[in-house]
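Worksheet: the structure to be examined is printed underneath.
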Amino acid sequence: MLIVPQRVQSRAVTSSSPPRAGVLALQGAYQAHARVLSALGCEVVEVQRPAQLEGLRLLCMPGGESTTMSLLLSSSGLREPLRQAIAAGLPVLATCAGAILLAQRLEGDSGSLKVEPLGLLDLTVDRNAYGRQNESFEAGLEIDWTGLPGSSAGGTQLFHAVFIRAPRFQLPGAQVRVLASFQPAGAAAAEPVLVRQGNIIAAAFHPELSGDDRIHRAALGLRPADF
Amino acid sequence: MNEASVNGSGPVSGSFAVKIGLAEMLRNGVIMDVTNPEQAVIAEQAGAVAVMALERVPADIRAQGGIARMSDPAMIREIMGAVSIPVMAKCRIGHFVEAQILEAIGVDFIDESEVLTPADETNHVWKHDFKAPFVCGCRDLGEALRRIGEGAAMLRTKGEAGTGNIVEAVRHMRTVQNGIKRLGTLGREELMREARDLGAPFDLVQWVAEHGKLPVPNFAAGGVATPADAALMMQLGAETVFVGSGIFKSEDPAPRARAVVQAVLNFKDPKALADISAGLGEPMRGKDIASMPQEERMAARGW
């Protein structure tokens with residue numbers, strides 16, 4: 001199974017048809033991402049099989065249960081094609097469990113079923129480290145839009161972020177740019193909650209639930225040629 | 001949404017957006033009833049998105065009779081310690097102190113459930129008072145909107161729990177969907193009367209008429225026993241499936257649990273469903289509901 005980034009790019013640049021964006025549709029809040037992408041004029045593909053990765057301008061990896069998604073990545077045969085496609089430059093917006101699936105290092109994976117991450121994002125992700133649902137929260141975030149495509153469109157308005165049993169991002173590698181941080185109660189310092197590494201944007205929170213499409217718009221501006 | 005309270009100030013927890021957020025994360029999955037850590041582990045390893053911790057599955061509550069109450073907090077904590085996925089637990093209808101206890105334990109979702117013996121035949125819990133999100137059962141649109149009005153962040157069909165019989169869950173899902181479709185056909189001037197007939201809050205009736213859907217996710221529950229049952233409920237519009245007695249009252253729970261998870265992923269693919277359904281052993285025996293006396297029906301509890 002070959003995913004050729006050049007084809008992705010040529011389709012995006014030369015075709016007048018709407019950009020094709022995928023949502024990883026194994027489990028979780030993928031319809032929420034699909035709604036945002038549709039409203040932005042995308043043709044949305046629910047990705048459940050390797051062939052559906054072809055011709056995508058962007059793939060959203062949604063929130064949900066990372067254990068379930070990791071298991072279904074393997075049973076659906078998507079795991080290796082997805083890893084190869086992202087490694088070859090497929091632009092990705094990963095939120096919450098999606099970010100867990102991309103991580104190179106996992107902490108706090110305390111259940112009876114372990115997540116097998118794809119190991120593409122140079123970050124330590126601590127699962128459910130903000131706590132259980134009682135500790136889920138909303139907060140306004142300042143985002144450094146200069147680290148994203150179309151930076152001028154971001155503006156200065158805080159981003160209303162919803163964190164649900166969220167993972168904590170730690171020890172970002174040299175290639176990882178931190179775009180927003182948040183200081184949890186009891187933490188010594190602010191920690192990354194929105195990062196970018198080349199073709200990957202990863203959020204510990206859920207931009208698809210905010211009614212604010214700025215992060216999705218920026219993600220649609222990612223090009224395989226940019227990195 | 002608490003936009004005003006968020007911008008420019010500290011974090012806010014327990015808001016309605018945060019409650020619905022977890023319901024959204026549980027979509028397109030399977031939530032399994034479990035009665036001990038061993039079953040919770042089987043559920044997690046099969047790919048469940050959450051477990052419901054309870055002392056007796058509905059089929060046993062039905063068989064054994066007596067008063068069914070909130071489970072022992074020690075047992076719920078053990079299950080919370082055994083798995084990393086969200087853990088839900090049930091309180092009796094109207095029993096807000098059981099709900100307070102479940103919130104104090106830190107369960108991720110509280111099910112105000114007709115499967116337990118109701119504590120209040122007039123009032124449900126005022127769920128807005130809680131940081132923990134609630135799921136409630138419904139049989140029709142009016143009941144769904146009353147529960148949302150009280151603060152439920154997720155709904156499920158009541159079905160008829162512990163029967164292994166999908167007929168009531170199908171009825172309830174279709175009735176809710178038809179109620180939503182009907183609202184879409186009405187003029188604005190007709191909505192007040194519809195709200196009166198549904199016995200539902202007027203603002204929520206207006207919201208559903210405008211958006212063509214419920215403001216919170218609606219899951220299927222009550223009588224799911226096979227992968228085909230789960231896929232049926234998904235095709236009828238359920239956003240996730242609860243399986244109560246159907247897994248651990250079957251002959252061979254682990255393969256059945258895995259099969260139901262696969263069936264929800266492949267719910268539109270009959271060929272895949274054929275493979276998934278093959279060789280699973282006996283499902284739970286089940287019960288005919290038509291011949292069941294009215295007082296044995298759990299769905300009639302609550303209003």
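Within every chain, numbering begins at 1; the chains are lettered A, B, ... in the order of the sequence lines, protein sequences first and strands thereafter.
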Please tell me if the side chains of [X] and [Y] come closer than 4.5 Å, counting only heavy atoms from C-beta onward.
X: Lys127(B); Y: Pro133(B); answer: no
X: His160(A); Y: Asp212(A); answer: no
X: Phe159(A); Y: Pro207(A); answer: yes
X: Ile201(A); Y: Leu194(A); answer: yes
X: Val125(B); Y: Glu150(B); answer: no
X: Ile148(B); Y: Pro215(B); answer: yes

### Task
Spell out the residues in residues 20-30 of chain B that have some non-hydrogen atom less than 4.5 Å away from a non-hydrogen atom of chain A, in order of number; otherwise answer 'none'.
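Within residues 20-30 of chain B, the residues that come under 4.5 Å of chain A (heavy atoms only) are Gly21(B), Leu22(B), Glu24(B), Met25(B), Leu26(B), Arg27(B), Asn28(B), Gly29(B).
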Among [options], which residue has the highest count of heavy-atom pairs closer than 4.5 Å to chain B?
options: Glu65(A), His206(A), Arg165(A); answer: Arg165(A)
options: Pro184(A), Gly63(A), Ser136(A), Ala32(A); answer: Ser136(A)
options: Ala97(A), Ser110(A), Ala29(A), Gly131(A); answer: Ala29(A)

### Query
If you tally heavy-atom pairs under 4.5 Å against chain A, which of Ile85(B), Val83(B), Val261(B) wins?
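So the answer, after comparing Ile85(B), Val83(B), Val261(B), is Ile85(B).
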Answer with side chain, backbone, both or neither: which region of [X] has an atom nearer than 4.5 Å to a non-hydrogen atom of chain B?
X: Thr67(A); result: side chain
X: Leu71(A); result: side chain
X: Gln27(A); result: both
X: Asn128(A); result: side chain
X: Glu142(A); result: neither
X: Ala185(A); result: neither
X: Ile164(A); result: side chain

#### Entry: Candidate list Tyr130(A), Phe137(A), Phe163(A), Phe169(A), test ring pair (Phe, Tyr, Trp, His ring centres under 6.0 Å), partner Phe205(A), passing option
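The passing option is Phe163(A).
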With only heavy atoms counted, which part of [X] is less than 4.5 Å from chain A, the side chain, the backbone, both or neither?
X: Glu239(B); value: neither
X: Ala82(B); value: backbone
X: Ala46(B); value: backbone

### Message
Strictly below 4.0 Å, N to O, side chains only: are Asp269(B) and Lys271(B) in salt-bridge contact?
### Response
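No.
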### Task
Look at Lys114(A) together with Asp109(A) and state whether they make a salt bridge at an N to O cut-off of under 4.0 Å.
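A salt bridge is absent here (no side-chain N lies under 4.0 Å from a carboxylate O).
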### Query
If we ignore angles and hydrogens, is there a donor and acceptor under 3.5 Å between the side chains of Ser76(A) and Gln48(A)?
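Ser76(A) vs Gln48(A): no donor-acceptor pair found between side chains.
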### Task
Using distance alone, with no hydrogens and no angle criterion, decide if Ser70(A) and Arg79(A) have a side-chain donor and acceptor under 3.5 Å apart.
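Yes - a donor-acceptor pair under 3.5 Å links their side chains.
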### Task
Begin with the C-alpha distance, continue with both residues' side-chain angles, and end with the deciding distance and a verdict on salt bridge (charged side-chain N to carboxylate O under 4.0 Å, His left out) for Arg168(A) and Asp126(A).
CA-CA 5 Å; Arg168(A) 277 161 78 165; Asp126(A) 197 352; 5.9 Å; no
